[in-house]
Amino acid sequence: MDNNLATREGRWKHFGSVDPIKGTKPTEKELMTDLQNSKKDFLFEIDHVGIKNLTYPVRIGDYQTAGTFSLSTHLAQDEKGINMSRILESVEAHYDKGLPLDFDTLKTVLITLQTTMKQRSASVDVSAVWFFDRFSPVTNLKAVGHADVTLSQTVEDETVTEQTVTIQAAVTTLCPCSKEISEYSAHNQRGIVTVKAMLTEAVPDDFKEQLLDAMEANASSMLYPILKRTDEKAVTERAYENPRFVEDLLRLIAADLVELPFVTGFEIECRNEESIHQHDAFARLHYTK
Ligand SMILES: Nc1nc2c(ncn2[C@@H]2O[C@H](COP(=O)(O)OP(=O)(O)OP(=O)(O)O)[C@@H](O)[C@H]2O)c(=O)[nH]1
């Protein structure tokens with residue numbers, strides 16, 4: 001074998017790598033131009049500038065999961081750019097085996113971000129799969145269920161000005177019309193429920209659980225990871241006893257959300273993946289208290 005191929009460096013050169021040139025630009029940070037910090041009239045202030053699609057570990061309860069982050073700040077008219085590296089530094093400052101995915105932690109991240117960027121507002125959206133313990137209805141066997149969750153928050157001058165949570169979960173709906181007109185049986189389907197709730201700044205620790213309960217308890221049946229025969233009988237009969245049109249489910253969830261004191265408004269969409277059609281049925285409403 002060619003001696004040059006016995007080392008990495010030799011192989012790299014063999015495959016076309018070349019030595020770095022002796023450059024003329026500074027290599028020490030203090031001597032580098034800080035273009036982002038240029039000050040003059042740049043025509044417009046910017047509402048949001050930052051990063052998207054950042055994947056970073058988050059913790060929800062006992063489970064660690066992957067969060068997809070968007071983080072941004074305001075930018076004044078006389079500043080050319082933000083120091084983007086400080087966004088990750090602000091997240092890292094509050095990292096503890098994953099970033100705890102709750103509004104208190106997000107607020108501390110945003111205040112760190114706003115302060116280090118010297119801007120008047122900062123915003124975050126984090127989407128993650130929310131894993132939780134789910135027990136089968138009769139045999140009480142534990143397994144892991146999941147829903148999709150997005151937490152969004154904006155702070156201005158260290159005050160929370162906007163806070164929302166979006167939860168998407170799947171349920172069973174059994175068709176009331178089918179039950180009514182058929183000699184036996186009724187078709188059912190998987191319903192996808194999405195709730196975006198506008199929240200007061202103070203929320204109870206179990207705010208996600210309360211919202212998910214409104215979404216699932218009002219369906220014909222909720223979904224379970226493990227079902228033994230006794231569970232399956234209970235789930236099947238529960239669905240037959242609680243038939244729901246897509247409109248029924250939407251309105252019943254809305255009625256529960258109106259009663260939650262920490263919810264100031266909401267948007268709900270229910271979409272049924274129809275089992276007797278190739279299309280889906282859907283209903284959507286928004287409500288401000
Ligand atoms: N402002 C801005 N930065 C960008 C953009 N795209 C990439 N960057 C990155 O921003 C990084 C520089 O981050 P800064 O935080 O400004 O680095 P720095 O000035 O050494 O950091 P400080 O010591 O905190 O001031 C570079 O590595 C760029 O890759 C962009 O469109 N706008």
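Atom set for the values below is all heavy atoms of this structure, side chains included, hydrogens, waters and symmetry mates excluded. Just follow the structure's listing: the first ligand is 1, and inside any ligand the first atom is 1. By convention here, the first residue in the shown sequence is residue 1.
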Flag the pair Glu237 and Lys233 as a salt bridge only when some basic side-chain nitrogen lies within less than 4.0 angstrom of an acidic carboxylate oxygen.
->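 Result for this pair is yes, salt bridge flagged.
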Only one of [options] passes side chain to side chain contact (heavy atoms under 4.5 Å, CB included) with [X]; say which it is.
{"X": "Pro243", "options": "Pro176, Cys177, Ser178", "value": "Pro176"}
{"X": "Tyr224", "options": "Val235, Asp231, Leu141", "value": "Val235"}
{"X": "Val149", "options": "Val126, Ile167, Leu211", "value": "Ile167"}

For atom 4 (C) of ligand 1, state whether the nearest protein heavy atom is under 4.0 Å away.
->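 Flag for atom 4 (C) of ligand 1 set to true, protein heavy atom closer than 4.0 Å.
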Distance below 4.0 Å between atom 27 (O) of ligand 1 and any protein heavy atom?
->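 No, there is none.
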Nearest neighbour of atom 19 (O) of ligand 1 from the list Asn83, Leu35, Ile87, Leu88, on a heavy-atom basis =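 Result: the heavy atom closest to atom 19 (O) of ligand 1 is in Asn83.
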Measure from atom 12 (C) of ligand 1 to every heavy atom in Gln36, Met84, Met117 and give the option owning the shortest one.
->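 Nearest heavy atom to atom 12 (C) of ligand 1 lies in Gln36.
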Between His279 and His277, what is the ring plane arrangement, given parallel below 30°, perpendicular above 60°, and tilted in between?
->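 Parallel: the ring planes of His279 and His277 meet at under 30°.
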Which class fits the ring pair Phe131 and Tyr63: parallel under 30°, tilted 30 to 60°, perpendicular over 60°?
->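 Taking Tyr63 first and then Phe131, their aromatic rings sit tilted (interplane angle of 30° to 60°).
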Short list, please: which atoms of ligand 1 are under 4.0 Å from a heavy atom of Ile82?
->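 This gives 1 (N), 2 (C) as the contact atoms.
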Within a distance under 4.0 Å of any heavy atom of Ser85, pick out the atoms of ligand 1 and give their elements.
->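 Near Ser85, the atoms of ligand 1 are 13 (O), 14 (P), 15 (O), 17 (O), 21 (O).
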Looking only at distances, can you tell me whether any N or O atom of [X], backbone or side chain, sits closer than 3.5 Å to an N or O atom of ligand 1?
{"X": "Glu89", "value": "no"}
{"X": "Gly81", "value": "no"}
{"X": "Asn37", "value": "no"}

Tell me, which protein residue and heavy-atom name are nearest atom 22 (P) of ligand 1, and how many Å apart are they?
->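 Of the protein heavy atoms, Arg86 NH2, 3.5 Å lies nearest.
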Please confirm whether Lys29 comes under 4.0 Å of ligand 1, counting heavy atoms of the residue only.
->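 Yes, Lys29 has a heavy atom closer than 4.0 Å to ligand 1.
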Which atom names give the shortest non-hydrogen contact between Arg134 and Pro225, and what distance separates them?
->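 Closest pair (atom of Arg134, atom of Pro225, distance): CG-CD, 3.4 Å.
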Gln189-Glu273 side chain donor-acceptor pair, cut-off 3.5 Å |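 Distance-only check fails for Gln189 and Glu273.
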